There are 2 protein chains.
Amino acid sequence: MKDGPDIARVAALIGDPARANMLTALMTGQALTATELAAEAGVTPQTASSHLAQLEAGGLVRPRRQGRHKYVSLAGEEVAAVLEGLMGLAAGTGQLRTRVGPRDAALRTARVCYNHLAGEMGVWLYDALLEQGYLLAGAERPELTEAGAAFAGRFGVDLEALRGRRSPLCLDCLDWSMRRTHLAGSLGRALLARILEQGWARREAGSRAVLFSASGEAALREAVLRE
Amino acid sequence: MKDGPDIARVAALIGDPARANMLTALMTGQALTATELAAEAGVTPQTASSHLAQLEAGGLVRPRRQGRHKYVSLAGEEVAAVLEGLMGLAAGTGQLRTRVGPRDAALRTARVCYNHLAGEMGVWLYDALLEQGYLLAGAERPELTEAGAAFAGRFGVDLEALRGRRSPLCLDCLDWSMRRTHLAGSLGRALLARILEQGWARREAGSRAVLFSASGEAALREAVLRE
DNA sequence: TTCATGCTTCGACCATCACCGAAACATCCG
DNA sequence: CGGATGTTTCGGTGATGGTCGAAGCATGAA
């Protein structure tokens with residue numbers, strides 16, 4: 001039966017190890033050049049070029065030319081969410097590729113998921129926002145309450161600017177390590193940006209890890225939990 | 001470079017058209033037999049068997065043998081969520097195939113499966129017991145909770161008598177019209193017995209059909225959902 | 001301009017894997 | 001018991017697609 005949605009085509013794109021490595025590398029949210037991605041995937045630039053062409057045609061990544069460089073980033077949050085979901089499935093079947101180490105622990109604690117916060121801290125933040133009544137879950141997408149809008153203001157997020165964009169304000173994203181939902185969308189991205197701006201946490205170069213300082217973590221909890 | 005689980009393995013599983021068609025067919029939540037899935041995928045049973053073995057090894061589907069048939073269903077909600085996400089990524093979201101099950105409407109609605117309730121009502125009852133927290137699924141056999149025991153008492157079931165017997169209290173049984181799980185075991189039998197005793201439904205002579213009256217159906221829903 | 005760097009296209013090689021025929025195995029029915 | 005149906009294993013074939021070398025653009029620097 002040849003009909004049906006082209007789920008196979010998209011999945012086959014992700015299904016190649018070289019392309020999967022590229023996409024995983026792009027989960028940091030950074031835009032990488034074609035040669036950098038070739039190195040990540042462990043293939044020659046020729047091969048990487050072919051892969052990137054396919055990923056573009058499949059709508060998974062978005063290229064941006066700058067001079068003679070070609071910067072590539074994930075096409076959007078939906079792509080990141082699907083990749084995160086796939087990681088959850090892979091982790092669930094015990095097919096971890098990396099042996100557990102200190103770096104893994106850091107990733108589990110807090111990491112970047114495309115452009116928002118994931119890991120234990122991400123899940124905690126999501127749950128806390130729900131508990132404080134700032135966020136309403138249950139529907140197709142989470143919804144920000146009035147109290148939540150006020151909170152965002154206190155947090156230093158310019159909601160009006162975010163609402164003007166096309167991308168949705170709030171989105172659910174599934175965490176592969178926690179198997180729980182955390183907050184994506186432009187609000188999720190803005191919250192992470194503020195956390196970094198405040199110096200509560202910093203990003204490890206070339207990694208998805210987000211390193212909170214002890215005082216930074218306390219400050220975040222304080223900011224979210226205060227009534 | 002290599003952080004996170006190996007998504008290529010899982011994605012490659014979904015990436016084959018035949019397997020993708022199988023998974024898409026399973027998105028209804030129904031369990032399908034191996035030959036039915038072969039037809040869905042448009043391949044021979046031999047090929048389908050190979051695909052199913054891979055999907056099982058990858059943890060995407062869960063098999064269940066009943067007689068000489070092999071019923072296969074999705075391994076869990078996470079799998080369905082990922083498939084849903086992939087469908088969203090696919091540009092032209094295709095249509096879902098709708099399979100028509102049994103011919104007799106009455107049998108499909110409610111019937112006797114050996115000694116317990118099957119059909120739409122049977123599946124509804126099973127789901128409702130889960131949702132109310134009366135039943136715990138997921139293990140080898142469903143388990144009755146304390147609240148479930150209390151419910152059984154209110155329902156008029158003598159649990160002590162049932163527990164004395166050798167036959168298991170709770171058993172999963174696969175519905176041939178819904179292709180979903182419903183409750184068998186001595187408790188399943190006792191529940192059906194009480195339903196008939198209360199006059200909520202009656203059996204049609206010489207048939208497996210169980211005919212609920214409108215008030216009887218309402219009474220059953222009331223009894224299960226109250227609180 | 002000439003050279004260097006980054007990316008893409010072309011061509012060919014080759015491993016992987018889906019596919020099916022045949023046959024074995026398992027289960028149910030009469 | 002034998003016959004029918006559903007599922008699995010095995011062996012061999014064929015095709016899709018990843019891979020790289022070599023060469024062809026494109027951009028930036030000297």
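Here the structure is a predicted model, which means the values were calculated and not measured. A, B, ... follow the sequence lines: proteins, then strands. Residue 1 opens every chain.
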A.B. asks: Which protein N or O atoms sit under 3.5 Å from an N or O of nucleotides 27-30 of chain C?
C.D. replies:
from: dT27(C); atom 1: O2; to: Arg68(B); atom 2: NH1; distance (Å): 3.2

A.B. asks: Does OP1 or OP2 of dT8(D) have a side-chain N or O of Arg65(B) closer than 4.0 Å?
C.D. replies: yes
A.B. asks: Can you measure Ile14(B) atom CD1 to dC17(C) atom C1' for me and round it to whole angstrom units?
C.D. replies: 18 Å
A.B. asks: Using atom NE2 of His69(B) as one end and atom C1' of dT8(D) as the other, report the distance to the nearest whole Å.
C.D. replies: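 Whole-Å distance recorded here is 15 Å.
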A.B. asks: Taking the basic N atoms (NZ, or NE/NH1/NH2) and the acidic carboxylate oxygens, is any pair closer than 4.0 Å for Glu120(A) and Arg111(A)?
C.D. replies: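 Looking at Arg111(A) together with Glu120(A), the answer is no, because their closest N to O distance does not fall below 4.0 Å.
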A.B. asks: Do Leu183(A) and Leu191(A) come close enough that some side-chain heavy atom pair is under 4.5 Å?
C.D. replies: yes
A.B. asks: Give a yes or no on this: more than 12 heavy atoms of other residues, nucleotides or ligands lie within 6.0 Å of atom CD of Glu131(B).
C.D. replies: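 Open.
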A.B. asks: Report yes if some heavy atom in the side chain of Val82(A) is under 4.5 Å from a heavy atom in the side chain of Val10(A); otherwise report no.
C.D. replies: no
A.B. asks: For Arg64(B) and dT7(D), give me the distance from atom CZ to atom C1', rounded to whole Å.
C.D. replies: 18 Å
A.B. asks: Quick one: are Tyr126(B) and Leu135(B) in side-chain contact, heavy atoms under 4.5 Å?
C.D. replies: yes
A.B. asks: Could you give the CG-to-C1' distance, from Leu37(B) to dT8(D), as a whole number of Å?
C.D. replies: 15 Å
A.B. asks: Can you check the Tyr71(A) OH to dT27(D) C1' distance for me, whole Å?
C.D. replies: 14 Å
A.B. asks: Using the 3.5 Å cut-off, write out each protein N or O paired with an N or O of nucleotides 17-21 of chain D and the distance between them.
C.D. replies:
from: dG18(D); atom 1: OP1; to: Arg19(A); atom 2: NH1; distance (Å): 3.2
from: dG18(D); atom 1: OP1; to: Arg19(A); atom 2: NH2; distance (Å): 2.8
from: dT19(D); atom 1: OP2; to: His51(A); atom 2: NE2; distance (Å): 2.5
from: dC20(D); atom 1: OP2; to: Thr44(A); atom 2: N; distance (Å): 3.2
from: dC20(D); atom 1: OP2; to: Thr44(A); atom 2: OG1; distance (Å): 3.1
from: dC20(D); atom 1: OP2; to: Thr47(A); atom 2: OG1; distance (Å): 2.9
from: dG21(D); atom 1: N7; to: Gln46(A); atom 2: NE2; distance (Å): 2.7

A.B. asks: Inspect the contact between Arg64(B) and Glu56(B) and indicate whether a charged nitrogen and a carboxylate oxygen are less than 4.0 angstrom apart.
C.D. replies: no
A.B. asks: Please work out which of the three classes, parallel, tilted or perpendicular, describes the rings of Phe155(B) and Trp200(B), given edges at 30° and 60°.
C.D. replies: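 Taking Phe155(B) first and then Trp200(B), their aromatic rings stand perpendicular (interplane angle over 60°).
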A.B. asks: Heavy-atom distance under 4.5 Å between the side chains of Arg221(B) and Met121(B), does that happen here?
C.D. replies: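 Yes, side chains in contact.
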A.B. asks: Return no unless some side-chain N or O of Lys70(A) is found under 4.0 Å from OP1 or OP2 of dT27(D).
C.D. replies: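 So the side-chain polar atoms of Lys70(A) never come under 4.0 Å of the phosphate oxygens OP1 or OP2 of dT27(D).
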A.B. asks: Expressed in angstrom and rounded to an integer, what is the separation of Leu32(A) atom CG from dC7(C) atom P?
C.D. replies: 11 Å
A.B. asks: Can you confirm whether Thr28(A) sits close enough to Val112(A) that some side-chain heavy atom of one is under 4.5 Å from a side-chain heavy atom of the other?
C.D. replies: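 Sidechains of Val112(A) and Thr28(A): no contact.
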